[in-house]
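A short write-up of the structure that comes next.
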Amino acid sequence: MAISMLVVLLLTLGVSTYLMQASIRAETIYKADTLASNMADAMASGDTRQLQNRLLNATNTQDMQSATVYDRNGQAILAWNIQGQLIKTNEFSAVSLVRRHQSEYRSGYFMAIAPITNGSAVIGQVLLYSSSQPLRQHILSFLLAGGLIAVLMTVAAAYWLTKKQLQDLRPILALTVIAEKVSTLGDYSLRAPQDPEHDFGSLNMHFNLVLARMEAWENDMQSEARERREADSRLAILNNHDSLTKLPNRHYFHRLVTNCLDDAVASDELAALMFIDLDHFKGLSESFGYDAGDLILTTMASRLCAVLRNTDTLCRVDGDEFAVIMPQVGNLEVVKTLAERLVQAIHQPMTLRGKQIVITASIGVACCPLHAKEQRLFLHNTDVALKAAKAEGRNTWRLFSSDLPKASPPIQHQEF
């Protein structure tokens, strides 16, 4: 394992060193090409000061060792050393100009030559020397990091081996821990680790079989309890909701109106109750059939729900009669507006067996605690308002007032 790790580190070092060297070489060539391009105009015009400025600006980096600029005759005209100073070029030998950039790596530095061109003519060249210090720093950093990784891997391997030995020596303790968790948490899905080759592998296997049987028994019990709850929920829905319209039925309406009235009286907030009776529904059912009557009821229920607020509850309390419980209506204008919208929604034409018909409804409205604070009187006053709406020609709504003709009790809704 140690030999394999060493081979991998050496290969990685070789590849990264090669890539680093190529990167520094490319950067040196790029700097030389850029400097040559920037000096072209100044070289063509013979502007020595501008050439000096270009050279000093381009070589102001830490990794640059020296730079030399040659004219069209191959004579050195400018030179810069690592101290950041321009030096005399009297002792520099003449060189042959190159037509394209060149590069070379020597121990300790990178060299790059780039021609200075004016159109297609070569009018000089730039010679740069760049330090290989970054490459050496890269190799040193890699060796340090590789050594650190090797140490960490060795420590990790030693830890893993020690842990594995402890696990091999303590199978009974592991089994005890699992049993303690099962007894404490009641989680029978836990399992002891199995190792067929271990001396205690058979014990763990039989222990897991016992847990699996106990888990299956617990799942059966939970499934049975869940099915029982679902059945109770379905039964509660059937007992409290109308099977045709899926609205709350008479039984559920009684509880809702009781709670609404108690809350309104306790908080002194206005609540309203509406009775909605479809006009001439019996005649329509006899003319078109009872299945058509069911379609009318479901359609009207959908239209009413679309008008009502989210806090309102629509109930079906009789064959063609609905009731609306409206808590916290704020003021009578809200009640009147909703009543008018309900009449208009029901009055919209509908198609029944290919024939367009118009359904109308009569609506009676009473408010609590304005018109009543007791449930029996609340229902009675709402029914009085409903009968007043019918007496005035139907297809309208009426709000209860003391001026309306009194209905003789007992009334139908007092049976709730």
Side-chain angles (χ1 to χ4, degrees), residues 234-254 256-257 272-310 312-326 335-366 379-380 382-400 404-405 407 410-416:
R234 289 193 295 269
L235 183 60
I237 293 175
L238 291 175
N239 290 337
N240 294 293
H241 289 77
D242 174 50
S243 60
L244 175 63
T245 61
K246 311 305 179 186
L247 298 175
N249 56 18
R250 293 168 60 91
H251 176 70
Y252 197 31
F253 166 78
H254 172 70
L256 289 176
V257 76
L273 176 64
M274 294 184 182
F275 285 155
I276 304 171
D277 191 25
L278 300 182
D279 299 330
H280 310 297
F281 176 76
K282 184 177 180 181
L284 291 173
S285 297
E286 293 175 352
S287 300
F288 291 95
Y290 290 103
D291 54 342
D294 291 344
L295 178 59
I296 292 175
L297 290 172
T298 55
T299 302
M300 294 303 110
S302 177
R303 291 182 181 181
L304 294 173
C305 288
V307 173
L308 295 174
R309 306 172 304 167
N310 293 335
D312 301 334
T313 303
L314 177 65
C315 305
R316 184 187 177 193
V317 296
D318 206 348
D320 61 343
E321 188 172 340
F322 297 89
V324 181
I325 302 172
M326 305 172 59
V335 180
K336 295 176 181 179
T337 301
L338 283 174
E340 184 63 32
R341 291 179 59 193
L342 291 174
V343 171
Q344 294 175 1
I346 295 174
H347 192 260
Q348 297 298 318
M350 67 174 292
T351 302
L352 191 63
R353 299 195 183 281
K355 182 179 179 180
Q356 194 173 59
I357 64 172
V358 176
I359 307 296
T360 63
S362 302
I363 301 179
V365 186
L379 298 173
H380 174 73
T382 308
D383 194 68
V384 169
L386 174 63
K387 291 180 179 180
K390 290 182 178 181
E392 294 188 20
R394 304 176 187 270
N395 191 28
T396 187
W397 62 274
R398 284 295 174 265
L399 179 66
F400 174 81
L404 295 178
I411 62 174
Q412 182 181 1
H413 302 291
Q414 291 174 348
E415 299 173 0
F416 295 149

**Request:** Identify the heavy atoms of V317 and A323 that sit nearest to each other, and give their distance.
**Result:** CG1-CB, 3.8 Å
**Request:** Sequence neighbours left out, what passes side chain to side chain contact (heavy atoms under 4.5 Å, CB included) with D320? Give chain and number order.
**Result:** D277, L278, F281
**Prompt:** Does the side chain of T382 come within less than 4.5 Å of M274's, by heavy atoms?
**Reply:** no
**Asked** When rounded to the nearest 0.5 angstrom, what distance separates OG1 in T313 from CG in L273?
**Response** 11.0 Å
**Request:** Using a 4.5 Å cut-off on heavy atoms from C-beta on, say whether the side chain of I346 contacts that of L304.
**Result:** yes
**Item:** Euclidean distance, W397 CH2 relative to E392 CD, rounded to 0.5 Å
**Value:** 10.5 Å
**Item:** Qualifying side-chain hydrogen bond (donor to acceptor under 3.5 Å, both in side chains) pairs, either residue in residues 294-307, two or more places apart
**Value:** none
**Asked** Closest heavy-atom contact between A339 and I363?
**Response** O-CD1, 3.9 Å
**Message:** Using side-chain heavy atoms (C-beta onward) and a distance below 4.5 Å, is I325 in contact with F253?
**Reply:** yes
**Request:** Could you tell me whether the side chain of D312 and the main chain of R309 form a donor-acceptor pair under 3.5 Å?
**Result:** yes
**Request:** Answer yes or no: is there a donor N or O on one side and an acceptor on the other, between the side chain of R316 and the main chain of F322, under 3.5 Å?
**Result:** no
**Prompt:** Should T396 and V343 count as side-chain neighbours, where that means a heavy-atom distance under 4.5 Å?
**Reply:** no
**Message:** Under a 3.5 Å distance rule, please check whether N249 uses its side chain to pair with a backbone N or O of Y252 as donor and acceptor.
**Reply:** yes
**Asked** For D279 and T360, does a side-chain donor sit closer than 3.5 Å to a side-chain acceptor?
**Response** yes
**Asked** Taking C-beta and beyond as the side chain, do M350 and I359 meet within less than 4.5 Å on heavy atoms?
**Response** yes
**Complete:** To the nearest 0.5 Å, atom CG of L247 lies from atom CG of L314 at 4.5 Å
**Prompt:** Any side-chain heavy atom of L386 within less than 4.5 Å of one from S362?
**Reply:** yes
**Request:** Answer whether the closest heavy-atom distance between the side chains of H280 and R394 falls below 4.5 Å.
**Result:** yes
**Prompt:** Distance-only, no hydrogens or angles: does the Q356 side chain make a donor-acceptor pair with backbone N or O of L352 under 3.5 Å?
**Reply:** no
**Asked** Please walk me through it: do F275 and V365 pass side-chain contact (heavy atoms from CB on, under 4.5 Å)?
**Response** CA-CA 7 Å; F275 285 155; V365 186; over 6 Å; no
**Fill in**
Taken to the nearest 0.5 Å, the spacing of L297 CG from E321 CD works out to 12.0 Å
**Pair D383 + K387: basic N to acidic O under 4.0 Å** = yes
**Prompt:** Do D242 and P248 have side-chain heavy atoms sitting under 4.5 Å apart?
**Reply:** no
